[in-house]
Amino acid sequence: MSETPRGGTELHADCARCVGLCCVAPAFAASADFALDKPAGQPCPNLGADSRCGIHPQLRERGFPGCTVFDCFGAGQHVTQVTFGGRDWRDDPATASAMFTTFAVVRPLHELLWYLTEALALTPAGALRDELRAAVDETRGRTAGGADALRDVDVDAYRGRMNPLLVRASELVRAGHDGVDRRGAALLGVDLRGADLVGANLRGACLIGADLRGVRLRLADLTGADLRGADLRGADLSGALFLHQSQLDAARGDRRTVLPPALRHPPHWSGLAITPVGRPRPGGARAAAGPTGRGKRDPRR
């Protein structure tokens with residue numbers, strides 16, 4: 001399990017305290033990420049009566065890599081335990097509809113709260129830090145409202161009001177590094193080896209399948225950057241800003257990829273199995289240790 005994020009356990013998915021909302025509420029379409037179509041509000045056929053995914057250990061192999069990179073930022077247990085007091089969407093249709101609608105609001109609010117909390121930790125004392133603290137408190141207060149109040153939240157408008165604070169925090173931290181500005185850039189499949197991306201602004205950039213092998217991304221702002229299939233082998237992401245574990249889970253990398261302390265190397269990355277010298281398995285094969293000494297959190301459990 002990865003270290004608890006700066007936002008605390010409230011922003012860290014605790015699937016044991018949820019009723020499988022991420023496996024029911026959202027819709028997904030058959031694609032490279034999902035093996036089948038699933039309408040919104042309909043349980044995934046792999047979801048059991050115990051709110052556990054029946055194929056979790058084989059999700060990638062069974063055609064559901066999109067499930068392995070999803071993170072609710074703690075919205076699932078919040079909606080289940082706080083907003084609905086432990087009720088289950090299976091109780092009745094009205095409960096189900098209300099829970100799914102609420103989850104669709106709380107999840108992006110919790111994601112925003114994660115970003116605001118990260119920005120707060122990066123920002124020194126001063127006016128901006130005070131504004132960020134107020135924004136964290138306001139956003140946390142929004143999520144504490146009842147289902148009716150949450151239903152009326154305009155998430156897009158609210159994020160639009162908070163986003164300038166995150167931009168200012170990023171600019172403050174990156175000041176003096178003169179990184180390139182590639183906000184929202186379409187870099188799908190682009191070979192970026194040798195590019196100078198230290199302190200770069202990559203907010204919202206599409207880096208699907210991009211070749212970032214050996215690239216230095218220290219202090220790069222990766223807010224919302226799409227890293228699906230991006231090759232991060234040997235890349236240096238130490239000090240990267242607003243980088244979330246789910247982005248790494250969607251990318252490719254290896255043991256040489258340098259990460260911030262709070263993040264972990266996903267088990268599916270190549271070259272993670274360490275072969276100790278002089279410890280043969282029965283039959284002569286050498287034993288392989290685990291990738292990082294930490295098991296992968298079950299995001300669907």
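Looking only at distances, no side-chain donor or acceptor of Arg218 sits under 3.5 Å from a matching main-chain atom of Leu237. Panel note: side chain Arg255, backbone Gly234; no donor-acceptor pair is recorded below 3.5 Å. Remark: side-chain polar atoms of Ser31 are paired, donor with acceptor, to backbone N or O of Ala29 under 3.5 angstrom. A donor-acceptor contact shorter than 3.5 Å is absent between the side chain of Thr123 and the backbone of Leu120. Of the possible donor and acceptor atoms, none in the side chain of His78 sits under 3.5 Å from a partner among the backbone N and O of Val106. Judged by distance alone, with hydrogens and angles left aside, the side-chain atoms of Thr102 form a donor-acceptor pair with the main-chain N or O of Ala98 at under 3.5 Å. Proximity of a side-chain donor or acceptor of Gln77 to a complementary backbone N or O of Ala13 within less than 3.5 Å is not detected. At least one donor-acceptor pair under 3.5 Å links the side chain of Thr117 to the backbone N or O of Leu113. Listed for the Asp37 side chain is a donor-acceptor partner under 3.5 Å among the backbone atoms of Ala30. Between the side chain of Asn201 and the backbone N or O of Arg203, at least one donor-acceptor pair lies under 3.5 Å.
Rounded to the nearest 0.5 Å, atoms CG (Leu166) and CG (Leu112) are 6.5 Å apart. Here the straight-line distance linking atom CD1 of Ile208 with atom CG of Leu227 works out to 9.5 Å at 0.5 Å rounding. Rounding to the nearest 0.5 angstrom, the gap separating the CG atom in Leu59 from the SG atom in Cys67 is 5.5 Å. The structure places CG of Leu207 at 9.5 Å from CD of Gln247, a figure rounded to the nearest 0.5 Å. From Asp221, atom CG reaches atom OG of Ser170 across 3.5 Å, with rounding to the nearest 0.5 Å. Here SG of Cys53 is found 7.5 Å from CG of Leu47. Values are rounded to the nearest 0.5 Å.
Between Phe34 and Phe64, the two ring planes are perpendicular [angle over 60°; tilted spans 30° to 60°].
Of all heavy-atom pairs between Cys22 and Phe70, the closest is CB-CE2, 3.4 Å. What you find for Gly253 and Trp269 is that their closest heavy atoms are O-CB, 3.2 Å. The two residues Pro26 and Phe103 have their closest heavy-atom pair at CG-CE2, 4.4 Å. The two residues Asp196 and Val180 make their nearest non-hydrogen contact at O-CG2, 4.2 Å. Considering all non-hydrogen atoms of both residues, Leu259 and His265 come closest at CD1-N, 3.7 Å. For Ala119 against Ala169, the heavy-atom pair with the smallest separation is CB-CB, 3.9 Å.
Contact annotation: the side chain of Leu202 approaches that of Leu217 to within less than 4.5 Å [non-hydrogen atoms, C-beta and beyond]. At least one side-chain heavy atom of Thr143 sits under 4.5 Å from a side-chain heavy atom of His110. Glu10 places a side-chain heavy atom less than 4.5 Å from the side chain of Arg140. Side-chain contact check for Trp89 versus Pro43: some heavy-atom pair is nearer than 4.5 Å. Side-chain atoms of Asp33 and Phe28, non-hydrogen and from C-beta on, never get closer than 4.5 Å to each other. Using a 4.5 Å heavy-atom cutoff, the side chains of Pro108 and Arg159 are in contact. By the 4.5 Å heavy-atom criterion applied to side chains, Gln245 and Arg264 are counted as neighbours. Under the 4.5 Å side-chain criterion, counting only non-hydrogen atoms from C-beta, Asp88 is not in contact with Thr80.
In the hydrophobic clustering of ILVMFWY residues, with side-chain heavy atoms under 4.5 Å counting as a link, Leu165 and Leu172 come out together. Two different hydrophobic clusters hold Val82 and Leu109 under the rule that ILVMFWY side chains link at heavy-atom gaps under 4.5 Å. The hydrophobic clustering, which links ILVMFWY residues whose side-chain heavy atoms are closer than 4.5 Å, places Trp114 and Val155 together. One hydrophobic cluster, built from ILVMFWY side chains closer than 4.5 Å, cannot hold both Leu122 and Val167; they sit in different ones. Under a hydrophobic clustering in which Ile, Leu, Val, Met, Phe, Trp and Tyr are joined whenever their side-chain heavy atoms come within less than 4.5 Å, directly or via other members, Leu219 and Tyr115 fall into the same cluster.
Ion pair Arg161/Glu138 flagged as a salt bridge, since at least one NZ, NE, NH1 or NH2 atom sits closer than 4.0 Å to an Asp/Glu carboxylate oxygen. Under a 4.0 Å N-O distance rule, the pair Asp50/Arg52 does not qualify as a salt bridge. Ion pairing of Asp148 with Arg151 is present here, as a side-chain N (NZ or NE/NH1/NH2) and a carboxylate O approach within less than 4.0 Å. Ion pairing between a basic and an acidic side chain is recognised when a charged N comes within 4.0 Å of a carboxylate O; Arg216 and Asp236 show no such pairing. Using a cut-off of 4.0 Å between Lys/Arg side-chain N and Asp/Glu carboxylate O, Arg252 and Asp231 are scored as salt-bridged.
Judged by distance alone, the side chains of Arg168 and Asn163 never bring a donor and an acceptor atom under 3.5 Å apart. In the model, Thr223 has no side-chain atom that pairs as donor or acceptor with a side-chain atom of Arg183 under 3.5 Å. Arg60 and Thr68 are linked by a side-chain donor-acceptor pair at a separation below 3.5 angstrom, with hydrogens and angles left out of the test. With no hydrogens or angles considered, a side-chain donor-acceptor pair links Asp92 and Thr95 at under 3.5 Å.
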I'd like to know whether Leu248 forms a side chain to side chain contact (heavy atoms under 4.5 Å, CB included) with Val69, so could you lay out the CA-CA distance, the side-chain angles of the two residues, the decisive distance to 0.1 Å, and finally the verdict.
CA-CA 8 Å; Leu248 295 175; Val69 301; over 6 Å; no
Evaluate the side chain to side chain contact (heavy atoms under 4.5 Å, CB included) criterion for residues Val24 and Gln42: first the C-alpha distance (whole Å), next the side-chain angles of each, then the deciding distance (0.1 Å), finally the verdict.
CA-CA 5 Å; Val24 187; Gln42 178 176 309; 6.0 Å; no
Step by step, would you call Thr139 with Tyr158 a side chain to side chain contact (heavy atoms under 4.5 Å, CB included)?
CA-CA 9 Å; Thr139 306; Tyr158 190 75; 2.8 Å; yes
Step-by-step side chain to side chain contact (heavy atoms under 4.5 Å, CB included) determination, Asp71 to His244:
CA-CA 10 Å; Asp71 196 314; His244 190 263; 3.3 Å; yes
Determine, step by step, whether Arg233 and Asp254 satisfy the salt bridge (charged side-chain N to carboxylate O under 4.0 Å, His left out) criterion, reporting the C-alpha distance in whole Å, the side-chain angles of both residues, the deciding distance to 0.1 Å, and the verdict.
CA-CA 5 Å; Arg233 287 177 291 175; Asp254 59 18; 5.0 Å; no
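Checked against a 6.0 Å centroid threshold, the rings of His12 and Phe73 do not count as neighbours.
No more than 12 heavy-atom neighbours from other residues, nucleotides or ligands sit within 6.0 angstrom of CZ on Arg62. Surrounding CZ of Arg213 are more than 12 heavy atoms belonging to other residues, nucleotides or ligands, all under 6.0 Å away.
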